[in-house]
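These notes concern the structure reproduced below.
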Amino acid sequence: MNVMVIGSGAREHAFVSKLYGSKNINNIFTVPGNAGTTKLSQNLSIDANDYDAVSNAIKENEVGLVLVGPEIPLINGITDFLKSDLDLRNLLVVGPSLKGAMLEGSKDFSKEFMMRHNIPTAPYRVFTNKNLKEGLKYLSSIKPPYVLKADGPAAGKGVLIIDKLAKAQNELTNILLNNKFGTSGNKVVIEGFLKGIELSYFVLVDGKDYLILPNAKDYKRIGEGDTGLNTGGMGSVSPVPFVDKEFENKIENKIVIPTINGIIKDKLDYVGFLFIGLIKVGNEPYVIEYNVRMGDPETQVVLPRIKNDFLDLMVSTSQGKLKEKSLELDEMTYTNVVLASSGYPESYEKGKVIEGIEGVLDSSVLHAGTINKNGQVLTNGGRVLSIVSKSKNISGALKKSYDSIQKVHFEGKTYRKDIGFDL
Ligand code: AMP
Ligand code: GLY
């Protein structure tokens with residue numbers, strides 16, 4: 001079978017690597033891909049949000065299955081678009097419908113979903129420019145820190161956690177009146193602050209049945225000790241040691257099962273990966289958010305732990321046959337340390353020559369913001385490479401990742417030296 005992977009990050013490089021090792025894989029196409037995916041697949045320089053171009057490429061290349069990596073094409077309805085094309089009747093798609101993607105596309109929608117289906121989450125209120133005054137008053141009635149969330153997608157920047165009331169009120173005004181997040185900020189969810197430790201939980205959903213995938217921990221801040229600005233993610237670890245069998249059962253019974261039942265009841269037509277951002281408060285799991293895709297940098301440590309044939313798993317998902325599947329797991333610990341460009345997540349330069357990747361023997365190097373030019377690999381984004389290693393324990397895997405990092409060079413190479421510090 002020919003497969004198309006949509007996206008250009010290290011998450012998509014991980015998908016392509018995994019598919020490459022599948023039994024019945026023929027050709028892989030990545031839209032648009034990066035300097036890493038081009039070694040294992042054919043990169044197509046198409047804009048993933050240009051659905052006509054995507055569907056033409058699917059037809060031209062006789063693609064049988066499409067795996068959508070990032071959320072934006074899903075939130076904009078790529079799955080519905082492809083499924084409505086009569087010439088693509090037999091196409092298999094891993095990625096939820098427009099309706100299902102609302103679980104990530106609108107915080108208001110996802111909070112209502114959680115309330116309706118009794119899924120543990122922080123209490124909340126929703127405000128628009130019409131009841132801004134009420135919102136300002138509401139803020140003064142609750143305790144800090146204040147959690148403000150733009151309703152729509154905001155590239156990971158739409159959540160503000162603020163200690164001072166005046167600043168929180170100022171930001172609420174900025175979002176609702178001054179369009180700080182554009183139309184994504186037409187509504188703001190204000191929710192209670194949950195204190196605890198976060199983890200990323202992943203579920204493969206075939207519309208009615210599900211398979212729980214390995215969990216992971218992500219390090220979102222740019223600075224050591226979880227300080228500084230939020231990024232797309234600077235490192236990850238799988239499995240998460242504080243998730244024992246008992247906590248795992250709680251997550252499945254209190255969160256996963258009610259979520260799947262809600263998806264069925266609300267007819268969300270959900271086929272694909274579901275990422276549940278959780279926080280462990282005391283010994284109880286709460287949902288912080290749903291994402292309708294895999295996480296990045298978590299995918300890079302989750303996928304290598306799955307021993308099943310990956311294409312077979314994707315086909316079963318898109319055909320509604322997950323009930324027949326069980327997961328075979330690699331019990332080793334995987335770590336990922338992300339190399340970023342200097343200045344990220346704010347402004348940074350591109351086009352720096354990357355050297356030394358071929359000298360890395362103890363880790364796998366997954367590409368994100370990279371491009372091939374004149375026989376060289378150049379930086380082409382904020383997050384550049386993921387350095388993934390495995391060992392019997394976290395410290396062993398991290399040692400390999402950090403040793404491997406010393407072999408890779410580019411001007412401005414930036415990384416966190418404390419991934420896993422809290423585990
Ligand atoms: P999100 O984009 O919803 O994942 O939020 C970004 C980050 O904000 C999360 O990873 C958490 O660290 C933090 N966060 C979001 N909601 C809450 C909350 N209710 N309580 C505490 N922290 C939160
Ligand atoms: N690692 C967080 C995300 O993918 O959104």
Side-chain angles (χ1 to χ4, degrees), residues 7-12 14-15 68-72 74-75 101 103-111 114 119-126 142-163 168 171 181 184-185 188-202 213 215-222 226-238 240 273-282 284-303 336 338 340 345 368 382-383 386 416 419 422:
S8 61
R11 167 182 53 206
E12 285 74 25
F15 279 139
V68 186
E71 68 277 11
I72 293 297
L74 293 166
I75 292 171
L103 285 176
E104 178 167 0
S106 164
K107 301 269 188 209
D108 184 21
F109 179 92
S110 73
K111 292 296 280 191
M114 288 182 244
I119 296 161
T121 189
Y124 77 108
R125 294 273 306 269
V126 183
I142 60 175
K143 278 199 237 119
Y146 306 96
V147 182
L148 272 53
K149 300 186 171 186
D151 180 56
K157 298 195 172 76
V159 175
L160 304 176
I161 298 181
I162 302 168
D163 286 323
E171 288 291 1
F181 294 116
S184 285
V188 172
V189 168
I190 299 181
E191 70 175 33
F193 181 80
L194 297 171
K195 193 166 167 43
I197 186 159
E198 283 180 55
L199 72 142
S200 306
Y201 217 70
F202 302 101
L213 303 178
N215 54 50
K217 183 139 194 354
D218 163 25
Y219 294 81
K220 283 204 176 93
R221 305 292 199 92
I222 187 70
D226 285 341
T227 53
L229 293 174
N230 251 328
T231 70
M234 295 301 292
S236 52
V237 174
S238 178
V240 181
F273 293 95
L274 178 67
F275 167 165
I276 312 180
L278 292 176
I279 190 156
K280 184 182 185 198
V281 182
E284 291 298 319
Y286 288 80
V287 177
I288 288 190
E289 63 165 353
Y290 292 114
N291 292 308
V292 298
R293 49 165 177 87
M294 280 299 287
D296 186 340
E298 293 96 325
T299 305
Q300 296 90 303
V301 291
V302 166
L303 291 193
N336 170 19
V338 170
R383 288 189 293 174
S386 274
R416 267 181 68 167
I419 298 305
D422 53 344

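Counting convention: from 1, in listed order, for ligands and their atoms alike. Since the model is a prediction, treat every value here as computed from it, not as a measurement.
Heavy-atom proximity to E298, at under 4.0 Å, picks out these atoms of ligand 2: 1 (N), 2 (C). Close approach of ligand 2 to R293 (heavy-atom distance below 4.0 Å) involves ligand atoms 3 (C), 4 (O), 5 (O). Those atoms of ligand 1 with a heavy atom of E191 less than 4.0 angstrom away are 16 (N), 17 (C), 18 (C), 19 (N). For ligand 1, the atoms lying closer than 4.0 Å to a non-hydrogen atom of I161 are 8 (O), 13 (C), 14 (N), 22 (N), 23 (C). Under a 4.0 Å criterion applied to the non-hydrogen atoms of D218, ligand 2 contributes the atoms 1 (N), 2 (C). Close contacts between ligand 1 and K107 involve ligand atoms 2 (O), 3 (O) [criterion: under 4.0 Å to a heavy atom]. For ligand 2, the atoms lying closer than 4.0 Å to a non-hydrogen atom of G295 are 4 (O).
Annotation: D296 places an N or O atom under 3.5 Å from an N or O atom of ligand 2; distance criterion only. For a threshold of 3.5 Å applied to N or O pairs, the pair formed by V159 and ligand 1 contains no separation below that value. Remark: ligand 1 and N230 share no N or O pair separated by less than 3.5 Å (distance only, no angle test). Taking only nitrogen or oxygen atoms, main chain and side chain alike, K220 does not reach within less than 3.5 Å of ligand 2.
One N or O on the side chain of R383 and one on the backbone of G232 form a donor-acceptor pair closer than 3.5 Å. Listed for the D163 side chain is no donor-acceptor partner under 3.5 Å among the backbone atoms of P145. Checking side-chain atoms of S184 against main-chain N and O of P153 turns up a donor-acceptor pair under 3.5 Å. At distances below 3.5 Å, not a single donor-acceptor pair connects side-chain atoms of T299 with backbone N or O atoms of D296.
Salt bridge annotation for K149-E289: absent, with no cationic side-chain nitrogen under 4.0 angstrom from a carboxylate oxygen.
For the residues K220, E198, E104, the heavy atom positioned nearest atom 12 (O) of ligand 1 is part of E198.
Closest approach of R11 and G295 over heavy atoms only: CD-O, 4.1 Å. Nearest approach of V338 to S386, heavy atoms of both residues: CG2-OG, 3.9 Å.
The single protein non-hydrogen atom nearest to atom 4 (O) of ligand 1 is E289 OE2, 2.7 Å, given as residue, atom name and distance. Residue, atom and distance of the protein heavy atom nearest to atom 21 (C) of ligand 1 are L194 O, 3.2 Å. Looking from atom 16 (N) of ligand 1 to the surrounding protein, the closest heavy atom is K149 NZ, 3.0 Å.
Cation-pi geometry between K111 and F109 is not met: the NZ or CZ atom fails to fall both under 6.0 Å from the ring centre and inside 45° of the normal.
Distances shorter than 4.0 angstrom occur between a heavy atom of P297 and an atom of ligand 2. Remark: distances from the non-hydrogen atoms of G192 to ligand 1 include one below 4.0 Å.
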Checking R293 against E104 for the salt bridge (Lys or Arg N to Asp or Glu O under 4.0 Å) test, could you report, in this order, the C-alpha distance in whole Å, the side-chain angles of both residues, the deciding distance, and whether it holds?
CA-CA 9 Å; R293 49 165 177 87; E104 178 167 0; 3.4 Å; yes
